[in-house]
Trainee: 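Before we start, here is the structure in question, set down as structure tokens.
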Number of protein chains: 2
Amino acid sequence: MNPSSILKSIYQHPQLNSAASEEIIKAHKKVFFKKGEIILKEGQQSNAYYCMESGLARAFAVNSAGKDITTSFFSPGNVVIEVASLFLRVPTEENIEAVTACECWKIDFSDFQALFEKIQGFSEWGRTWMTNSLLENKLRSLHMITDSAKERYLRLQKEQPLIIQQAPLKQIATYLGVTDTSLSRIRNEVAKEH
Amino acid sequence: MNPSSILKSIYQHPQLNSAASEEIIKAHKKVFFKKGEIILKEGQQSNAYYCMESGLARAFAVNSAGKDITTSFFSPGNVVIEVASLFLRVPTEENIEAVTACECWKIDFSDFQALFEKIQGFSEWGRTWMTNSLLENKLRSLHMITDSAKERYLRLQKEQPLIIQQAPLKQIATYLGVTDTSLSRIRNEVAKEH
DNA sequence: TGAATTTCTTGCCCTATGACAAGCGTAATT
DNA sequence: AATTACGCTTGTCATAGGGCAAGAAATTCA
């Protein structure tokens with residue numbers, strides 16, 4: 001199976017030459033998930049991560065009241081991963097689920113770890129990836145504080161329109177930190193304004 | 001100047017032996033900041049990070065309305081760092097400020113980078129540190145969504161009492177995502193309940 | 001196809017929190 | 001001591017968004 005341009009773009013980095021990124025890419029295998037399929041379940045230990053080729057997935061946490069809160073969405077070009085469980089080698093407290101049918105490139109932790117130590121520049125690649133994740137997360141917290149529900153919705157619509165189109169309202173609502181009722185009203189209001 | 005036990009504990013990691021951590025620690029120099037002093041200013045590029053020995057610092061972002069929002073606090077044992085600017089080599093969009101007088105161990109990026117490539121296991125140390133930061137940030141977003149203002153205050157009080165004691169109310173308020181007025185009322189209410 | 005189930009919308013009312021403004025205590029400045 | 005400044009509290013009122021429940025619409029399944 002040929003590696004896709006998406007997979008190549010994920011491993012694009014100033015400190016990874018083409019031989020290195022090719023070797024990394026070779027360690028990935030194509031896998032598929034059906035709509036609704038659980039990719040990682042709370043309590044399990046994560047032993048791999050996935051590069052998203054097509055489809056949409058989400059991570060969610062279940063709070064004490066049994067309510068599920070979407071904590072992130074994974075679109076094509078994103079790395080589908082539960083960082084804490086994978087790198088700290090502990091059971092995950094989150095779930096990852098395929099929102100639509102997904103096509104992914106899987107790499108096992110043991111293969112990743114071997115390449116991480118072997119390949120010059122792979123740790124810098126990882127550091128850059130982590131840095132960007134951290135940045136995104138910080139922005140998410142910040143917007144949660146400074147922006148209204150409507151502003152958060154509009155930002156998501158602008159920056160990640162595919163999520164709005166593909167995920168059910170309830171999942172988007174918990175991701176934005178509002179109830180589904182409120183999001184429905186916001187959506188209505190936005191539609192009225194054209 | 002002798003490295004402190006705090007500094008040693010920061011560089012404690014299964015994949016760093018004592019010779020390695022000692023070499024890393026040697027690259028740090030003691031620096032002091034006065035109360036209110038700016039450690040990193042928006043627009044600058046970060047070229048170092050600091051291990052907090054004593055005192056309290058905070059990072060804050062200034063939004064378009066000119067309002068400052070505390071995005072994190074740094075206590076003894078924490079690493080005072082603006083990850084995005086330091087690792088992506090870009091100007092920072094955040095400020096870091098000493099809330100009280102601070103005593104820190106500084107390491108320059110160039111020294112860090114040289115050790116990162118030289119020392120076996122240092123990249124795993126960094127990955128673990130990043131993983132924990134990411135985890136903390138995700139929890140912060142999650143609690144912002146699931147918990148009430150009062151619950152967020154009580155959690156901070158329980159988990160980081162020094163912040164409550166040392167930082168002015170307004171800074172804590174923006175960190176928790178409430179107005180200073182509301183936080184004052186919450187505090188009053190909590191005091192009444194003993 | 002029709003029944004069952006899930007998802008989304010809407011109405012009504014309520015509560016937590018925000019906006020603004022005034023007051024108060026403490027500490028530094030003269 | 002009076003003055004200013006700062007940080008915190010409190011009052012009044014306004015409002016975004018939540019809780020709950022009834023439908024409507026869409027999807028799934030038998």
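The chains referred to below are lettered A, B, ... by the order of the sequence lines, with proteins before strands, and numbering in each begins at 1.
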Trainee: Using whole Å, what does the distance between atom C1' of nucleotide dG17(D) and atom CG of L183(A) come to?
Mentor: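 So the two atoms are 12 Å apart, to the nearest Å.
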Trainee: Verify the distance criterion only: is there a donor paired with an acceptor across the side chains of N47(A) and R89(A) at less than 3.5 Å?
Mentor: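 R89(A) and N47(A) do have a side-chain donor-acceptor pair below 3.5 Å.
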Trainee: Name the residue closer to the 5' end of DNA chain D, choosing between N188(B) and S148(A) according to the nucleotide with the nearest heavy atom.
Mentor: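 In this pair, the answer is N188(B).
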Trainee: Kindly say whether, by distance alone, the side chain of R187(A) makes a donor-acceptor pair under 3.5 Å with the base of dT7(C)?
Mentor: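 Result: no qualifying N/O pair found.
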Trainee: Would E22(B) and K8(B) pass as an ion pair if we require N to O under 4.0 Å?
Mentor: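 Salt bridge: no.
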Trainee: Counting just side-chain N and O atoms, does S182(A) come under 4.0 Å of either OP1 or OP2 of dG17(D)?
Mentor: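 Answer is no, no contact under 4.0 Å.
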Trainee: Base, sugar-phosphate, or nothing: which does T179(A) touch, judged by heavy atoms less than 4.0 Å apart?
Mentor: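 T179(A): backbone/sugar contact only, no base atoms under 4.0 Å.
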Trainee: Between dT6(C) atom P and L169(A) atom CG, what is the distance in whole Å?
Mentor: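 Value for this atom pair: 17 Å.
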Trainee: Classify K150(B) by what it touches in the nucleic acid, base, sugar-phosphate, or nothing, heavy-atom distance under 4.0 Å.
Mentor: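 No contact at all - K150(B) keeps every heavy atom at 4.0 Å or more from the nucleic acid.
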Trainee: Please state how far atom CG in D147(A) lies from atom P in dG17(D), giving the value in whole angstrom units.
Mentor: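 After rounding, the reported distance stands at 11 Å.
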Trainee: Over how many whole Å does the gap from Q171(B) atom CD to dG7(D) atom C1' extend?
Mentor: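 It works out to 11 Å between those atoms.
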Trainee: Would you kindly say whether E53(A) and W105(A) are connected by a side-chain donor-acceptor distance under 3.5 Å?
Mentor: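 Checked: E53(A)/W105(A) side chains pair up, N/O donor to acceptor below 3.5 Å.
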Trainee: Given atom CD of E151(B) and atom P of dA16(C), what is their separation to the nearest angstrom?
Mentor: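 For the pair E151(B) CD and dA16(C) P, the rounded distance is 11 Å.
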Trainee: Regarding G36(A), tell me which of base, sugar-phosphate or nothing describes its non-hydrogen contacts under 4.0 Å with the strands shown.
Mentor: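 Since no nucleic acid heavy atom lies under 4.0 Å of G36(A), the category is nothing.
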Trainee: Find the distance I145(B):CD1 to dT17(C):P and express it as a whole number of Å.
Mentor: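 Interatomic distance, CD1 of I145(B) to P of dT17(C): 15 Å.
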Trainee: Check the distance between dG19(D)'s P and D180(A)'s CG and give it to me in whole angstrom.
Mentor: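 My rounded result for the distance is 10 Å.
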Trainee: Flag the pair F112(A) / F87(A) as yes when their ring centroid distance falls below 6.0 Å, and as no otherwise.
Mentor: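 Yes - the distance between ring centres of F112(A) and F87(A) falls below the 6.0 Å cut-off.
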Trainee: CG of L176(A) versus C1' of dG18(D): gap in Å, rounded?
Mentor: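 Whole-Å distance recorded here is 16 Å.
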Trainee: At less than 4.0 Å, is any side-chain N or O atom of K35(A) found next to OP1 or OP2 of dT28(D)? Yes or no.
Mentor: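 Yes, because at least one side-chain N or O of K35(A) sits under 4.0 Å from OP1 or OP2 of dT28(D).
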Trainee: Please determine, for the side chain of K170(A), which listed nucleotide (dT7(C), dG18(D), dT9(C)) has the closest atom?
Mentor: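 Nearest to the side chain of K170(A) among the choices is dT7(C).
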Trainee: Taking atom types as modelled, is there a side-chain donor on Q45(B) or T92(B) under 3.5 Å from an acceptor on the other?
Mentor: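 T92(B) and Q45(B) do not have a side-chain donor-acceptor pair below 3.5 Å.
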